[in-house]
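Okay, so here's the structure we're looking at.
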Number of protein chains: 2
Amino acid sequence: MRADARRNYDKILATARIVFTERGTDSSLDEIAKRAGVGPGTLYRHFPTREALVDALMQDWTDRVSADADAAIATGQPAREMLLGWFEHFIDHITLHRGAASKICAAMDDPASPMYRKCRVMGDANRRVIDHLDAEGELRPGVDAANVMRLVSGVASVADTSHADLDVRPMLEVVVDGIVRA
Amino acid sequence: MRADARRNYDKILATARIVFTERGTDSSLDEIAKRAGVGPGTLYRHFPTREALVDALMQDWTDRVSADADAAIATGQPAREMLLGWFEHFIDHITLHRGAASKICAAMDDPASPMYRKCRVMGDANRRVIDHLDAEGELRPGVDAANVMRLVSGVASVADTSHADLDVRPMLEVVVDGIVRA
DNA sequence: CCACAATATGGAGACTGTCTCCGTTTTAGC
DNA sequence: GCTAAAACGGAGACAGTCTCCATATTGTGG
């Protein structure tokens, strides 16, 4: 990659991070280009779709999400607390940019999406937590990590969409009660 | 309301019902106007926002959803089956038009939304089911009907957004396990 | 039954956002 | 430095939202 290309790529990404945080992932891409000081053509060459841009920003959090999963396991807390903590961290990360949660929900089961791979990384992180607890015999039989992931992403999406800023805790408690051994 | 106004109002609504079913609630409003044989101005006078149009179509299902809730209670099934059946019906209704589920999630906690009142009607229907089971002592203490509603709408939203057409049953089973008495 | 005030219409067009094309500029290797 | 390859940027085509207002339709009181 040529030096000027790399420079612009980075500028666009840095600007997108700011704008997406301020105004959510549906902000105008032309405006991001303008604020980054590049032409729209340049933005679209580097990131052919809005999803590709969101995806590039996701790298940050997939790392953090992965780390959080392992940290949760390492605490050795009881199943309920461990899950609640993990789910809350997960939701905090994916709702960082307004509108991102529902994009993740959509990408999760769509291998054609550029975000699919990152979703898998997060899915794997979640699977580690679930498998760990399952191995300890803490979960109901038949709990499926992928479905848990969908369910929690759904909660994230509701919280993100909701105008009132919602406390996700009570919803997560229901989910946790639904998966830990009775 | 003048006769010609009523005529156009009805034509727009009928067309919107078709187009929203075919292509989801994000279809072009100008195209709905064109297919209804009216000018865009006429559409926007009757329905100032897309939400207002979705809202007008919702009347159909709030009625059906309400009826379904009472039907579920009347079956006298055990708590788990009753809830699963009710939740599935509810999701079937609100995912009839692609994109509607997430609009409902957004409107549910936003009294300023034109759809808010209809959301309340559906919320009340859900509350009747939950309260009924709670009175029978079938539920965990502290289950909140509003949160159940949000959770199930979240599942609907995930199913609606998902490219793969997802089986909601396993997710609903987790939710049900989370709210019925252990 | 008809005139006319009130009401409703529709489509031109302003505006915003997406995305592409291509003449011009920048870079890197020789 | 020269040059081919790579990258740039912005004009503009296109699509969707929404408004304004000259024109047309309605229904009512005389």
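Naming convention: chains lettered A, B, ... in sequence-line order (proteins, then strands); numbering from 1 in each chain.
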Using whole Å, report how far [atom1] of [X] lies from [atom2] of [N].
{"X": "Phe47(A)", "N": "dT20(C)", "atom1": "CZ", "atom2": "P", "answer": "16 Å"}
{"X": "Arg50(A)", "N": "dC19(C)", "atom1": "CZ", "atom2": "P", "answer": "8 Å"}
{"X": "Met1(B)", "N": "dT7(C)", "atom1": "CE", "atom2": "C1'", "answer": "11 Å"}
{"X": "Asp10(B)", "N": "dT9(C)", "atom1": "CG", "atom2": "P", "answer": "12 Å"}
{"X": "Lys11(A)", "N": "dC8(D)", "atom1": "NZ", "atom2": "C1'", "answer": "11 Å"}
{"X": "Asn8(A)", "N": "dA6(D)", "atom1": "CG", "atom2": "P", "answer": "17 Å"}
{"X": "Asp26(A)", "N": "dT16(C)", "atom1": "CG", "atom2": "P", "answer": "18 Å"}

Candidate list Lys103(B), Arg50(B), Arg98(B), test side-chain hydrogen bond (donor to acceptor under 3.5 Å, both in side chains), partner Thr25(B), passing option: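 For Thr25(B), the side-chain hydrogen bond (donor to acceptor under 3.5 Å, both in side chains) check succeeds only for Lys103(B).
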Donor-acceptor under 3.5 Å ([X] side chain, [Y] main chain):
{"X": "Thr75(B)", "Y": "Ala72(B)", "result": "yes"}
{"X": "Arg17(A)", "Y": "Leu57(A)", "result": "no"}
{"X": "Ser157(A)", "Y": "Ser153(A)", "result": "no"}
{"X": "His89(A)", "Y": "Gly85(A)", "result": "yes"}

When rounded to the nearest 0.5 angstrom, what distance separates CG in Asp60(A) from CG in Leu13(A)?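 Nearest 0.5 Å value for the CG-CG distance: 8.0 Å.
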Point-to-point distance, once rounded to the nearest 0.5 Å, from OG of Ser162(B) to CE of Met108(A):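 That separation rounds to 7.0 Å.
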Do we see a donor-acceptor contact under 3.5 Å between the side chains of Thr21(B) and His97(B)?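 The criterion, which ignores hydrogens and geometry beyond distance, is satisfied for His97(B) and Thr21(B).
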For dT9(C) and His46(B) - does any side-chain N or O of the residue sit under 4.0 Å from the phosphate oxygens OP1/OP2?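 It does, given that an N or O in the side chain of His46(B) lies less than 4.0 Å from OP1 or OP2 of dT9(C).
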Which nucleotide wins on minimum distance to the side chain of Tyr44(A), given the candidates dT9(C), dC18(D), dT18(C)?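 Nearest nucleotide to the side chain: dT18(C).
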With respect to the side chain of Ala3(A), which nucleotide from dA28(C), dT25(D), dC8(D) is positioned closest?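 The answer is dA28(C).
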Quick one: label Arg7(A) by what it contacts on the DNA or RNA (base, sugar-phosphate, nothing), any heavy atom closer than 4.0 Å.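 Counting heavy atoms under 4.0 Å across all strands, the contact made by Arg7(A) is with sugar-phosphate only.
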Neighbours of DNA chain D within residues 27-38 of chain A, by heavy-atom distance under 4.0 Å: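 The stretch gives Gly37(A), Val38(A) as the residues lying under 4.0 Å from the strand, ordered by number.
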Show each protein N/O and nucleotides 21-25 of chain C N/O combination with a separation under 3.5 Å, one pair to a line.
none

Tell me whether Arg80(A) is salt-bridged to Glu138(A), with the criterion being a basic N under 4.0 Å from an acidic carboxylate O.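 Here Arg80(A) does not pair with Glu138(A) in a salt bridge, since their nearest N and O are not under 4.0 Å apart.
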